[in-house]
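In what follows, a single structure is set out as structure tokens and then discussed.
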Amino acid sequence: DCNRIPLTFDKSKLKPDCAACDALCCIAPKFEAPNYHKPVAVPCRNLKTPSLKCEIYDSREALGFIFCLNFDCHGAGQAVTKLFQNIGCNWQTDESKAKVEFDVFVHVYCYLSYRFYPDQPVQVEADQESADKLKPFINAALCILSERDDGHP
């Protein structure tokens, strides 16, 4: 039943797969690196579109992008990407839906972090008002994760 948040599913399914994601962790959260402060819902300056590849991927640590190295979305990125692909849009092709997609990603990430990784600090902030409005999308993305059977949504 995808109309409710899955109460239990196998934690082993919570694996990031950057190749199956629309680079949501490079956009949705804010982060800081030396001489660079990226606000919420703004693509990182190192993210090249439309390929969605990081131009400094192999040198992130040396350049101070520790946030990038330490961030694990627990699978939220590809689940939200798949959800928005299923409804026919993504942040690149439908800017009117971009903030919604980013917010859904943040809420799914926070849900997974609090529920399955309570000992790890949450690296993004989500507000309850948007969570209430986006609950159907959040539930659908979590449902996609709960149905994974091969390590991919």
Side-chain angles (χ1 to χ4, degrees), residues 1-6 9-33 36-58 60 63 65 67-117 122-153:
D1 177 4
C2 291
N3 292 319
R4 62 181 179 82
I5 294 176
F9 57 87
D10 186 354
K11 186 176 173 180
S12 70
K13 296 179 180 186
L14 303 179
K15 297 177 184 171
D17 181 358
C18 298
C21 180
D22 285 340
L24 293 172
C25 66
C26 301
I27 301 156
K30 75 175 184 180
F31 62 90
E32 297 185 12
Y36 182 50
H37 306 283
K38 188 192 89 55
V40 171
V42 172
C44 176
R45 69 179 182 199
N46 300 307
L47 180 65
K48 294 303 168 198
T49 57
S51 67
L52 298 178
K53 301 295 181 199
C54 175
E55 69 177 6
I56 64 161
Y57 189 84
D58 293 328
R60 290 170 297 161
L63 295 172
F65 283 75
F67 175 92
C68 302
L69 292 168
N70 294 335
F71 190 81
D72 177 354
C73 76
H74 314 308
Q78 67 264 31
V80 173
T81 293
K82 182 168 182 150
L83 170 65
F84 277 79
Q85 287 172 349
N86 288 348
I87 58 179
C89 61
N90 68 40
W91 68 268
Q92 284 187 286
T93 59
D94 192 343
E95 289 184 19
S96 68
K97 305 283 188 305
K99 175 115 173 65
V100 174
E101 186 171 0
F102 304 151
D103 286 349
V104 171
F105 167 74
V106 168
H107 288 292
V108 171
Y109 164 76
C110 287
Y111 174 86
L112 295 172
S113 295
Y114 290 129
R115 183 160 184 90
F116 295 100
Y117 302 94
V122 175
Q123 299 187 47
V124 295
E125 294 179 13
D127 66 272
Q128 189 57 44
E129 183 179 341
S130 70
D132 294 340
K133 292 176 184 174
L134 298 172
K135 192 170 184 177
F137 293 101
I138 297 165
N139 292 352
L142 289 166
C143 190
I144 287 171
L145 277 176
S146 73
E147 295 172 349
R148 287 170 66 165
D149 59 8
D150 63 350
H152 296 83

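When side chains are defined from C-beta on, Lys38 does not count as touching Cys26, because their heavy atoms never get closer than 4.5 Å. Counting heavy atoms from C-beta outward, Leu63 and Asn46 have side chains that stay 4.5 Å or more apart. Using a 4.5 Å heavy-atom cutoff, the side chains of Pro29 and Phe105 are in contact. Within the 4.5 Å cutoff, the side chain of Lys97 has no heavy atoms near those of the Ile87 side chain. A 4.5 Å side-chain heavy-atom check between Leu24 and Val106 finds every atom pair outside the cut-off. A heavy-atom distance below 4.5 Å is found between the side chains of Arg45 and Tyr36. Residues Asp22 and Glu101 are in side-chain contact: their nearest non-hydrogen atoms beyond the backbone lie under 4.5 Å apart. In this structure, the side chains of Phe65 and Cys54 stay at 4.5 Å or more apart for every pair of heavy atoms.
Across Cys73 and Pro16, no two heavy atoms sit closer than the pair SG-CB, 4.1 Å. Summarising the geometry of Ala79 relative to Leu145, their closest heavy-atom pair is CB-CG, 3.6 Å, with the distance given to 0.1 Å. Here the closest heavy-atom approach between residue Pro43 and residue Leu47 is recorded as CB-CD2, 4.4 Å. Scanning both residues, Ala131 and Ile138, for their nearest heavy atoms gives O-CD1, 3.9 Å.
No more than 12 heavy atoms of other residues, nucleotides or ligands lie within 6.0 Å of CZ in Phe137, so this atom counts as exposed by the packing criterion. Annotation: Tyr117, atom OH; neighbour count of heavy atoms from other residues, nucleotides and ligands within 6.0 Å is above 12.
Interatomic distance, Leu14 CG to Ser146 OG, rounded to the nearest 0.5 Å: 10.0 Å. Separating the OH atom in Tyr111 from the CG atom in Leu142 is a distance of 6.0 Å, to the nearest 0.5 Å. Separating the CG atom in Asp17 from the NZ atom in Lys82 is a distance of 11.5 Å, to the nearest 0.5 Å. Here CD1 of Ile144 is found 11.5 Å from CG of Asn139. Values are rounded to the nearest 0.5 Å. Residue Leu112 holds its CG atom at 10.0 Å from CG of Asp72, rounded to the nearest 0.5 Å. Atom-to-atom distance recorded for Tyr109:OH and Phe71:CZ is 4.5 Å, nearest 0.5 angstrom.
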Inset, instruction - Quick one: do Asp103 and Lys133 satisfy side-chain contact (heavy atoms from CB on, under 4.5 Å)? Show the steps, please. - result: CA-CA 10 Å; Asp103 286 349; Lys133 292 176 184 174; over 6 Å; no

Inset, instruction - Evaluate the criterion side-chain contact (heavy atoms from CB on, under 4.5 Å) for residue pair Val108 and Leu83; output intermediate values, then yes/no. - result: CA-CA 12 Å; Val108 171; Leu83 170 65; over 6 Å; no

Inset, instruction - Apply side-chain contact (heavy atoms from CB on, under 4.5 Å) to Val122 and Tyr114, showing your working. - result: CA-CA 8 Å; Val122 175; Tyr114 290 129; 3.4 Å; yes

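For the side-chain hydrogen bond (donor to acceptor under 3.5 Å, both in side chains) with Ser130, the lone residue among Lys135, His107, Lys99 that qualifies is His107.
The aromatic rings of Phe67 and Phe31 sit parallel, their planes meeting at an angle under 30°, below the 60° perpendicular limit.
Thr81 places no side-chain N or O within donor-acceptor distance of the main-chain N or O of Gln78, the cut-off being under 3.5 Å.
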